[in-house]
Number of protein chains: 2
Amino acid sequence: MGPKSNLPQPDIVGRALERIGKKPLLDETCIVHRAFALLADKWTLLVLLALMHGRKRYSALQRQIGGVSPKMLTQTLRALEEHGLVEREVFPEVPPRVEYALTDFGRTLSEPLASLCEWAVEHEGRLRAVLASERSRG
Amino acid sequence: MGPKSNLPQPDIVGRALERIGKKPLLDETCIVHRAFALLADKWTLLVLLALMHGRKRYSALQRQIGGVSPKMLTQTLRALEEHGLVEREVFPEVPPRVEYALTDFGRTLSEPLASLCEWAVEHEGRLRAVLASERSRG
DNA sequence: CCGAATCCAGATTGATACTG
DNA sequence: CAGTATCAATCTGGATTCGG
């Protein structure tokens with residue numbers, strides 16, 4: 001986002017870490033630590049990713065995110081709503097309809113999320129191998 | 001993987017999602033779902049990020065990652081090792097020394113991780129506000 | 001009918017003490 | 001120094017139930 005592009009080193013992580021500040025690293029007041037605490041959750045990233053496609057109903061989310069129980073989906077959505085990343089809209093209809101959508105703030109996560117997705121897709125072969133060997137050992 | 005680069009829209013997420021495939025979205029066989037399951041853990045991202053700086057000893061990691069207990073640090077490191085993202089090296093010395101470092105595979109996560117860090121730093125103000133209001137409500 | 005709250009069993013996490 | 005053991009606490013998820 002920042003037009004700060006004349007840095008000599010191509011070390012993307014180094015650059016990002018420099019921007020974090022001069023903290024030792026990752027102590028609990030560090031914003032990166034805090035941010036990861038919000039996102040690094042079993043369902044949160046998947047819900048955000050699902051909503052990147054656009055506004056969705058509760059039941060659509062439940063169908064698309066395989067394995068999520070209604071309880072955890074609701075819980076995850078409520079947390080995202082509290083954090084200002086997702087908006088919840090209730091339609092007073094019968095049968096009831098509830099829709100969820102990313103807020104503007106939520107949409108700012110599209111780049112990091114897409115980056116993670118691309119990583120997963122790019123390394124699918126190795127990942128599947130890792131996961132397979134993990135299962136065989138229990 | 002496919003060199004499919006003549007898409008008209010600059011929608012980074014849409015592009016990433018298209019590259020995931022034509023799956024409905026995020027079912028449990030989807031590699032994105034699987035990959036997130038490996039990474040979306042309370043400590044995993046922080047440990048990986050800490051190791052982006054370079055090779056580190058166990059105690060250095062514990063000091064830098066505020067709040068992590070030895071049990072969870074060991075558990076997280078062992079999982080990362082099993083997944084091929086981190087390498088563990090034991091030096092037969094007294095006192096004992098164990099060092100951890102990212103593997104080549106682990107380093108492929110530098111871009112997504114940096115992207116997340118930049119997001120956190122860029123939105124630090126709003127994030128801190130969100131976290132503050134969360135604490136006040138319990 | 002759809003969205004969500006409750007209850008309870010099982011898994012996960014964490015603080016602390018301890019060992020090689 | 002680098003972990004393991006132990007036990008308490010928290011979190012998770014599925015079944016069931018409720019409410020509009």
Side-chain angles (χ1 to χ4, degrees), chain A residues 24 26-28 33-34 36-48 50-51 55-83 86-101 134-135 137-138, chain B residues 26-28 33-34 36-48 50-51 54-83 86-101 134-135 137-138:
Chain A
L26 301 176
D27 69 19
E28 283 151 307
H33 192 138
R34 295 297 202 85
F36 281 16
L38 288 189
L39 302 174
D41 171 282
K42 185 168 182 181
W43 301 112
T44 298
L45 290 175
L46 290 173
V47 169
L48 286 170
L51 288 174
R55 167 177 295 266
K56 294 232 172 79
R57 308 182 55 156
Y58 180 93
S59 51
L61 287 171
Q62 190 173 15
R63 239 176 299 114
Q64 294 185 336
I65 302 176
V68 70
S69 69
K71 175 184 168 180
M72 291 316 296
L73 181 55
T74 297
Q75 193 169 307
T76 303
L77 286 165
R78 288 290 147 83
L80 286 168
E81 196 189 355
E82 286 212 351
H83 299 153
V86 162
E87 251 178 5
R88 177 173 183 264
E89 189 173 6
V90 182
F91 297 86
E93 302 174 358
V94 176
R97 182 161 59 109
V98 181
E99 288 186 354
Y100 294 88
E134 186 176 54
R135 299 181 89 188
R137 264 173 298 160
Chain B
L26 301 176
D27 69 17
E28 282 151 306
H33 192 138
R34 295 299 202 85
F36 282 16
L38 288 189
L39 301 174
D41 171 284
K42 184 167 183 183
W43 302 111
T44 299
L45 290 175
L46 289 173
V47 168
L48 286 170
L51 288 174
R55 166 176 295 266
K56 295 232 172 77
R57 307 179 59 150
Y58 180 92
S59 51
L61 287 171
Q62 190 173 13
R63 238 176 299 115
Q64 293 184 337
I65 302 175
V68 70
S69 68
K71 176 182 167 181
M72 291 316 296
L73 181 55
T74 297
Q75 193 170 308
T76 303
L77 285 165
R78 289 289 145 83
L80 286 168
E81 197 188 354
E82 286 211 352
H83 298 154
V86 162
E87 251 178 3
R88 177 174 182 266
E89 188 173 7
V90 182
F91 296 86
E93 301 174 358
V94 177
R97 181 161 58 110
V98 180
E99 288 186 354
Y100 293 88
E134 184 178 53
R135 300 183 88 187
R137 265 173 297 161

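In what follows, every chain begins at residue 1, and chains take the letters A, B, ... in the order their sequences are listed.
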- Item | Any R97(A) side-chain nitrogen or oxygen under 4.0 Å from OP1 or OP2 of dG3(C) | no
- Between dC1(D) (P) and K56(B) (NZ): distance, integer Å: 17 Å
- Message: Using whole Å, what does the distance between atom C1' of nucleotide dG20(C) and atom CD of E93(B) come to?
- Response: 16 Å
- Under-4.0 Å side-chain N/O to phosphate OP1/OP2 contact, K42(B) with dG14(C): yes
- Query: Would R55(B) and E89(B) pass as an ion pair if we require N to O under 4.0 Å?
  - Reply: yes
- Query: For the atom pair CG (L61(A)) and CD (E99(A)), what is the distance rounded to the nearest 0.5 Å?
  - Reply: 10.0 Å
- Indicate whether OP1 or OP2 belonging to dT16(C) is found under 4.0 Å from a side-chain N or O atom of S69(B). no
- Message: If you assign K71(A) and P95(A) each to the DNA chain D nucleotide with the nearest heavy atom, which residue ends up on the more 5' nucleotide?
- Response: K71(A)
- Quick one: Q62(A) CD to dG3(C) P, roughly how many Å, whole number? 8 Å
- Message: Counting only side-chain nitrogens and oxygens, does S59(B) get under 4.0 Å of the OP1 or OP2 atom of dA2(D)?
- Response: yes
- Query: Please give, in whole Å, the distance from dA2(D) C1' to E99(B) CD?
  - Reply: 13 Å
- Query: Rounded to whole angstrom units, what separation is found between the CG atom of L73(A) and the P atom of dA5(C)?
  - Reply: 12 Å
- Task: Have a look at V94(A) and say if it touches a base, only the backbone sugar-phosphate, or nothing, with a 4.0 Å heavy-atom cut-off.
- Result: nothing
- Task: On DNA chain D, check which nucleotide each of L77(B) and P96(A) is closest to and give me the residue with the more 5' one.
- Result: L77(B)
- Message: Expressed as a whole number of angstroms, how long is the span from Q75(B):CD to dT12(C):P?
- Response: 9 Å
- Taking only N and O in the side chain of Y100(A), is any of them less than 4.0 Å away from OP1 or OP2 of dA4(C)? yes
- Query: Hey, what's the ring geometry for Y58(B) with Y100(B), parallel, tilted or perpendicular (30° and 60° as the breaks)?
  - Reply: tilted
- Message: For A101(B), is there any backbone N or O sitting under 3.5 Å from a side-chain donor or acceptor partner on K56(B)?
- Response: no
- Message: Both R78(A) and D41(B) contact DNA chain C. Taking the nearest nucleotide for each, which residue is further toward the 5' end?
- Response: R78(A)
- Does dG14(C) have OP1 or OP2 sitting under 4.0 Å from an N or O in the side chain of W43(B)? yes
- Message: Do V98(B) and R88(B) make a side-chain contact, defined as non-hydrogen atoms from C-beta onward lying under 4.5 Å apart?
- Response: yes
- Task: Just compare dT12(D), dG14(C), dA17(C) and give me whichever is closest to any side-chain atom of M72(B).
- Result: dG14(C)
